[in-house]
Every structure is written in C-alpha cells, then in structure tokens.
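Have a look at the structure below before the remarks.
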Amino acid sequence: MEGSSGREALSLRDRLTAVPDPVSLLDAIFANAPFALQIFDRAGRSILTNGAFLTLFGSEPPASYSVLDDEIARRSGVQGLIEAAFRGETITIPTTWYDPRLLGNEDVTEGNLVAIQATFLPLRDFEGAVGHVAAVFKDLTAEMHARDQLQSERDLMTLIIEQSGDGIVVANQDGVIDMFNPAAARQHGVQKLSVTPDEWGRVYGLFTEQGAPLPLTSTPLYRALHGEKIEGERWRVRRPDGTVRTLSGTASPLTRPDGTRAGAVLTTRDETDRIAGEQERAELLARERTARADAERANRTKDEFLAMLGHELRNPLAPIRTALDLLDLRSTDAPSRELQVIRRQVDHLTRLVDDLLDVSRITGGKIEIRRRNVAIDAVVQRAVEMASPMFEQRRQRLTVDVAPADCIVVSGDADRLAQVFSNLLTNASKFSPSEATIAMRAYRSGEEVVIEVEDSGIGIEPSMLDRVFDVFVQGKLPSTARGGLGLGLAIVKSLVELHHGQVSVHSPGPGRGSTFCVRLRAIEDRIHSPPTDPGLRRSTSSRKVLVVDDNVDAAELLAALLASAGHEVMVAHDGPSAIALLDRFTPSVAVLDLGLPVMDGYELAAALRQRLEPSSLVLIALSGYGQPDDRARTAAAGFHEHLAKPTNRRRILDAVESVPATDA
C-alpha cells in the first residue's frame, strides 16, 4: 500500500521535473482553487491559505495561533476532527452555519456567517507519514439560502392553502384527489383524499343548481383535467348532514415545465349566504316597490278624492254665496243677524275646503309661488280683513303695529303670504277666550322682516311645541271655540318654507298664551300698497253673457248677479240647450261649468267656438275643480279664465268685464 503511494508520488514528481517552474504551477493551482484551502502543520498552526479562504472567512489566523491549543475549537469539535485527520482519517462534516468571529481571536474580525461543508484530509509524505492536514471548505451559503427560501415559500403556500377562505382541491394527472384544504372540507362537509373521478359525485354530493346529479363530464375539475379553463361555474353540494350549499368555482389545468399534464386545481367559494342575501334584498326591493306603488296609488286616489270633494262641496257653496251677494245688493238695510251667520259659516266652510286642497297641493309639490316685491303692510291689511269676521264674532280686540312700507319689503306671493298671516290670526282667535286681545307686529330686524302674532289664550304644553305645525295636529280648544281640521299651521309652515323663511312658536306654558313668529328675508325696495277692492259696482257697459251650469240654483243666481251689474244674461243647464240658444243669442262671454251632463264643458267650448267667431268669444271656466292640472287643461282647451267655485263676486265680474264692450 505504502509502496504504491510512493511510486505514484515519484511518478508525479518525475512529471513535475518536466515543468519549467513546477512551484509556480502548484502555487497557481492552490491560489485559484474554487474552494477554500487551509493547511495545518503538526503543531496545529495554519501555514497556508488560499484566496478563496480569505474571501470566505474574511481573514486568516495569526502565525502564533494554534487550533490545537484553542479552547473554543476544542468545545466546537474542530480540534478533535483535526487530530483525527493527523491520525490518518479523512473527515467530512455536514453543512453548518459558521462565523469565524466566534473563535474569539482578536485578529479574526472580518468574518461573515456562512454555510460551510468541511473536509479534513491527512497529507502524507513519501514515507506515508501524516505531516500536515488540509482543510477543504465548500461555501454552500447560496445553496442553503435558496433551500431555506424554497422551504419558506412552501411553508407560506401551506399556510395560504390551509387558511384560505376559498376551497382548494387538487387532482393529479389521473384525476385522483391529492389535496383538499380545510375550506373545501367545510364547504363539502367531508374531506376525503385519493378519490377517483368516478366517485366524485357520490363522495362530495355534487348536483346541478336545479337539483339533478351533476354529470362527471360537466364538473369543472374534470373539464380542467382535459385542458379546459373554467371560470364562474356554479353548482350545489349536498353534505352528509343533509344541508345543501351552493358553490361557485374556477378550475385550471396544471402542466409541467415540459408541457406534460400534471393534473388540475379547483378553487371554490360558498355562495349560499350571498345568494340568500341577494334574494332577500330582491324581495325587500320588490316589496318596497310594491309599497311605493301602493302609496303612489293611494296618494293619487287621495288627490282625486280631494278634488272630487272640493268639487262637490264648492258646487253648493257657489249659489249660496251668490245668493248672499244678491241679498246684499237688493237690501238697503244692514244685513240681518241670520244672514251674517250664514255668510260666516259659508266663509268658514270655504276655508276648510281650501285648506284640504292646499295641503294636497303642498304635499304633492304642485303649489306655485308667484314672486314679486311685496310690502308687508299691504299683506297684513289683507290678512286682517280676512280674519276680522272671526274677531268680530268672538268680540276680540286686535292691535296691529306695522312698520312703514318702505322698511319691510319682501320677495314673495302676496296672496299666499296673506293666507299665512290670516291663518295665524284665526288660529290665535280660535285658541283665545272671548273679548281677549291679540297683537300683530311687523318690523325690520337686520336683513329680516319679522311678523309676530301674540295671543293671551290657552298656551301650548312643552310636549306639543314641536308638533303644532304637523298635519292634523290640534291642541285642546276652549269650549267657546269653533274647531277645524288641524291644517292651518301645517299650511303656514309649508308656505313660509316655500318663501325660504322660518316660522316658530313660543309659549310659556298652558294658560299663558302663545307667540308665533315668521321670519322672511328683507329686500331693499319701496312698494306702494295696492288699492283695496272697491266692492261691487255696476258696469258702465253691458256684455252678453251665456251661463251654462247643471246646478240650477248656481246658474240662476249667477245670472241674477251678472244682471244686477248691468249685463244681458242667458242661462242653460246642459250643452245642447246652450247651443240651441245661439239661434237667438250671440254671447261675447260664456261662463261654463266643466262637469256638465250630455257633453262636458270642454266639448261645449269647442262647439261654441265652431259656431261663433273664436276671436269674439271669451270662455270662462267656472268649476269645483281647481287643481293646477285642471287649470292647465282648461288653458289648453282655449279658456281665457279658470275660476274655482265658490268664486268671489268681484273676480267673476272682473273676468266678464275684461271683454271689450262691443254689445249694443
């Protein structure tokens, strides 16, 4: 054995003698070796290291250092390995992480933590004796990092798969289930691996959305195994406990780098709760739509009912009011107490009808505010006139304190503002005892006009202060007061807000009165108050007027009123009768009720315009229907004026006398 080694060595030496500089050759081999080399002598000193060693460890031990005398080397086992190599053993140790700074030598300070695989080789001389030991260090740091990174990625992937909320199912190239993560197990109610395709349907309870067994060839995983990519499929599973869940999923084929088939992966999501939620939302939406349609239908029915109610109530009111006007005209004496009572009650009933229709229009967004610059003093004067009958009846005193007109001007609808203040005054009268004093004030405050109505009546309980402006809400009335519908203050609030103003109420408590306050934005302008209504006067020029109304009393009394003003009047109670009158009477004005029998007012208007020169005939609609839609329809039919019953006598006379007096 030793002879053979000697001959081989001599043979190498003989060969080296042929090399011009064998020492340089061996030095180059040692220096450029791709692994770290370190040579120890018998004393354990490091006598040679190559460049790879310095790169790996950062420095080399000093000349005085001996590994055989190092306590740390002894405890780490390195010393024993070197000693075994000096005894002739070749020692290879597994890859370990090593930092030369752990040796504690002050000169070894540049080392890095590296993964090293070390081999200790005995070096024999020509006689076979071990005189040195070579340490060969392979740097496996990159390989170890790559392995650790791969393991971390595998661990992370395992965590993702295990903790995913989506089910993940993997089949190998033969379709056998190799992986079934916890989410998939929860979805299916079972976790069974090594299941072949022919058992999928039975084991995992697969069904179509319609409840039929899901054919194998239709399952997403089977289709992916045959190269198809599936997205958004939906099916059902019946779990062992009998519950049924709806799943949706995406399946993709798995291929190896060389393109060969490796299997398929299926990701699944439980859609049961989401679908149930969508169905519940759809049902709620359908119920909401139905409820909204029912509410809209009920609202339309209410509007139609109120319109019909207004028409039916106004029809009898019209002849009553006209009769009262005629009695006033024919009598030179003061109206009797009985006539005063009748007029007050008619006015009260008319206000109730108007309140009902106003609330309907306001809540339906159909009321219009016709803005212009308005002096508050003129509006207050109109409101006082409207409310004065109630004050007179209850023997109450009203004090009015209004600043000069040029101080308090607003942009608004004079008619609607007069309605607001009249409602506040009548409300104050209604809730105050007889012979009480009610105060109305209007003044400028900064950029606002403030109108206050203060009474000394029954007051308002604190719990009612936030509700007094609600529809149909009404406080307890004094025993002497006349009730209403609880609409007046609701109308006040709505009309004030339509003027971009505010209304509020203050009351110290029951029995201590109330103060209602309206605030409107002031504008800088001077307005002269419009002249007041001069009352009934006799026309200076006669007109020919045709009155058509199926309410005989209303038609006859209106005719009498027009005749008393100096006009020539003919009366008919239906369309055909009115047309028959044209043979002996050519009117310049036709006052038509719209709800006529046989042919309605629209049809009669068209017939009259065909028989007479349209430009010489003024059509006036007089009807219990007074909604905006009704007025728009009469305007489209060619009517010049639309008056709602019971109309003011001044308005009907003004409408008739607006026609040029061409009649003889």
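What you see is a predicted model; the values in this text were computed from it and never measured.
Contacts classified as salt bridge (Lys or Arg N to Asp or Glu O under 4.0 Å) and involving residues 140-153 (residues at least two apart or in different chains) are not found. For residues 185-206, the salt bridge (Lys or Arg N to Asp or Glu O under 4.0 Å) pairs, not counting sequence neighbours, are Glu199-Arg202. Identified under the side-chain hydrogen bond (donor to acceptor under 3.5 Å, both in side chains) test for residues 28-43, with sequence neighbours left out: Gln38-Ser46, Asp41-Arg45. Pairs engaging residues 155-176 under the salt bridge (Lys or Arg N to Asp or Glu O under 4.0 Å) rule: Asp166-Arg269 [sequence neighbours left out]. Applying the salt bridge (Lys or Arg N to Asp or Glu O under 4.0 Å) test to every pair with at least one member in residues 217-234, sequence neighbours left out, gives these pairs: Glu209-Arg234, Arg223-Glu228, Arg223-Glu233.
Taking His145 as the reference, Trp97 meet the ring-ring contact (aromatic ring centres under 6.0 Å, His included) condition, with sequence neighbours excluded. Remark: Asp273 pairs with Arg245 by the salt bridge (Lys or Arg N to Asp or Glu O under 4.0 Å) rule, at least two apart or across chains. Applying the salt bridge (Lys or Arg N to Asp or Glu O under 4.0 Å) test to Arg74 and every residue at least two apart in sequence or in another chain returns Glu71. The ring-ring contact (aromatic ring centres under 6.0 Å, His included) test applied to Phe180 returns His188, Tyr204, not counting sequence neighbours. Shown here are the salt bridge (Lys or Arg N to Asp or Glu O under 4.0 Å) partners of Asp413, two or more places apart in sequence or in another chain: there are none. Considering only residues two or more places apart in sequence or on other chains, Phe53 meets the ring-ring contact (aromatic ring centres under 6.0 Å, His included) condition with Phe57. Take Asp21 and apply the salt bridge (Lys or Arg N to Asp or Glu O under 4.0 Å) test, not counting sequence neighbours, and it matches no residue.
Side-chain atoms of Ser507 come within 3.5 Å of backbone N or O of Gly513 as a donor-acceptor pair. Formation of a donor-acceptor pair under 3.5 Å by the Glu452 side chain with backbone atoms of Cys517 is not found in this model.
Here the CG atom belonging to Leu121 is positioned 10.0 Å from the CD1 atom belonging to Ile91, to the nearest 0.5 angstrom.
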